[in-house]
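First comes the structure, then the notes that go with it.
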Amino acid sequence: MSRSVLRIKGTLLLRQDRFSLQKAAGIIKEGGLVAFPTETVYGLGAAATDEKAVNRIYQAKGRPVDNPMIVHISSSGQLNIVARYVPEIAYKLTDRFWPGPLSLVLPRADIIPAAVCAGLPTIAVRMPDHRIALEFIHASGVPIAAPSANRSGKPSPTSFRHVLDDLAGKIDAVIKSEACSVGVESTVLDLTGSGPVILRPGGIPREELEEALGQKVPVSGGIGSAGRPISPGMKYRHYSPRAPLILITGPKQRRSLLLKAIAGYYQEKGLKVGSLGDYINKTAPLKGNKTEYMAAHLYHALRQLDHHGVDLILAEETDIAGIGLAVMNRLRKAATRILKV
Ligand code: AMP
Ligand code: MG
């Protein structure tokens, strides 16, 4: 096997063989940063126990330091290492949904520096459903703190190319893999209050959580009773392409009419207008469930529309059943304007 080393602006591009994953783990042990694939989006990982390494993540991403990271583990047994206390309900959820796109917010153990969690006494933790991610975390021998591997504010990366576009030269390595299959981030579920609350909709649908727990699971508006954001990252404009994005909501027929009217108006002025829905439908064949398909292609489409130099992106509301709730959440955060017809 050839072991030639490919670097892009100094960032190592690693393959998925055992030798390369050991190399990635070695970088983590030395306090470096490695971007790695998961089933949701690419993560930018550092040893979660190493405060200096974690601070390098904030710098590389240009991430506000009050936006906490998710800690990734390779077996549910490690839950007790990163969380000070694990309630019974957490095991009910991990039994059913791990490995998978569900992050649980629990009391933070002292072994995890406060910087990982933006100073909060809590920690978000998950076990990804991705063979390479699990091998990499296991080989590193520590829990891995990892936000999404994009420049802060930009659409999350679902391919190693997106990671290189944003972070080549700023991080030590990226592990090359297939595009991430789920395509949007994990569901963040707070278990530190009187009942479970979704802080961020994501890969595990609300309906499935409710079915597993036999109770209603509310979605937080993001603001706690004291007026403080309880899931700090959610207050920022996020997932945004360079071009302004107009999100159109309302009944389907009226949405489509308005979209066509806006597109026509700006095209007449000589602007390049991209429709997100049309772009996704044209570039990838529809497979399976329509909202899951939309989730899987959302971030790539936003990035590609930017590459094509569009001046304006138009998007329509999607069904909020299942993963559609996460898609709509991301579209709302990416939008510069939301129009209701
Ligand atoms: P990212 O990894 O970029 O998707 O960002 C992780 C997100 O998880 C943050 O922006 C927060 O919304 C959420 N999160 C992480 N840790 C916590 C925590 N301790 N409490 C509440 N929300 C959290
Ligand atoms: Mg992110």
Side-chain angles (χ1 to χ4, degrees), residues 33 35-46 48 54 57-58 60-73 79 82-86 90 101-109 112-128 133 143-158 162-163 166-167 171 180 182-193 196-204 219-224 226 228-241 295 298-299 302-303 326 329-330 332-334:
L33 305 187
F36 63 101
T38 78
E39 80 282 29
T40 58
V41 302
Y42 258 78
L44 177 58
V54 164
I57 294 183
Y58 286 105
K61 278 183 61 89
R63 183 177 177 99
V65 290
D66 62 354
N67 190 355
M69 300 173 190
I70 292 169
V71 170
H72 294 68
I73 55 180
L79 195 50
V82 299
R84 186 162 43 76
Y85 169 71
V86 183
L102 177 66
S103 298
L104 300 178
V105 175
L106 297 166
R108 172 170 55 86
I112 302 296
V116 172
C117 307
L120 293 170
T122 55
I123 186 168
V125 55
R126 86 172 186 108
M127 178 179 171
I144 300 288
S148 49
N150 52 315
R151 282 289 289 176
S152 195
K154 287 197 51 174
S156 298
T158 51
H162 301 159
V163 178
D166 281 15
L167 298 175
I171 62 176
C180 306
V182 174
V184 292
E185 298 83 347
S186 59
T187 302
V188 177
L189 186 71
D190 187 3
L191 297 180
T192 63
V197 178
I198 295 174
L199 302 183
R200 175 180 73 182
I204 297 290
V219 182
S220 146
I223 305 291
R228 211 167 50 85
I230 51 177
S231 193
M234 300 312 283
K235 72 183 178 206
Y236 296 105
R237 184 160 177 259
H238 239 115
Y239 319 112
S240 307
L298 176 66
Y299 292 137
L302 291 176
R303 282 174 177 263
N329 170 274
R330 306 311 188 261
R332 284 183 185 280
K333 295 227 175 281

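Both counts, for ligands and for their atoms, begin at 1 and track the order of listing. Numbers for residues simply follow the sequence, beginning at 1.
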Worked check of side chain to side chain contact (heavy atoms under 4.5 Å, CB included) between Leu106 and Leu79: CA-CA 10 Å; Leu106 297 166; Leu79 195 50; 3.9 Å; yes
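In this structure, the side chain of Arg330 does not engage the main chain of Ser240 through any donor-acceptor pair within 3.5 Å. Between the Arg303 side chain and the Pro155 main chain, a donor and an acceptor come within less than 3.5 Å of each other. Side-chain atoms of Arg63 never come within 3.5 Å of backbone atoms of Ile57 as a donor-acceptor pair (strictly under, hydrogens ignored). For Ser186 (side chain) and Leu102 (main-chain N/O), no donor-acceptor pair under 3.5 Å exists by modelled atom type. In this structure, the side chain of Ser103 does not engage the main chain of Ala124 through any donor-acceptor pair within 3.5 Å. Panel note: side chain Tyr299, backbone Val41; no donor-acceptor pair is recorded below 3.5 Å. When atom types are taken as modelled, the side chain of Lys61 and the backbone of Asn150 share a donor-acceptor pair closer than 3.5 angstrom.
When the heavy atoms of Arg200, Met69, Glu185, His72 are ranked by distance to atom 1 (P) of ligand 1, first place goes to Arg200.
Within the 4.0 Å heavy-atom criterion, both parts of Ser148, backbone and side chain, lie near ligand 1. If you look at Arg63 next to ligand 1, the close heavy atoms, those under 4.0 Å, all belong to the side chain. In Thr122, the parts holding a heavy atom less than 4.0 Å from any atom of ligand 1 are both the side chain and the backbone. Contacts between Leu199 and ligand 1 below 4.0 angstrom, taking non-hydrogen atoms only, involve the side chain exclusively.
Around the Mg ion (ligand 2), protein N, O or S atoms at less than 2.8 Å comprise Ser148 OG.
Residue Leu120 has at least one heavy-atom neighbour below 4.0 Å for each of these atoms of ligand 1: 18 (C), 19 (N), 20 (N). Heavy-atom proximity to Asn67, at under 4.0 Å, picks out these atoms of ligand 1: 9 (C), 10 (O).
In the model, Ser156 has a side-chain atom that pairs as donor or acceptor with a side-chain atom of Glu185 under 3.5 Å.
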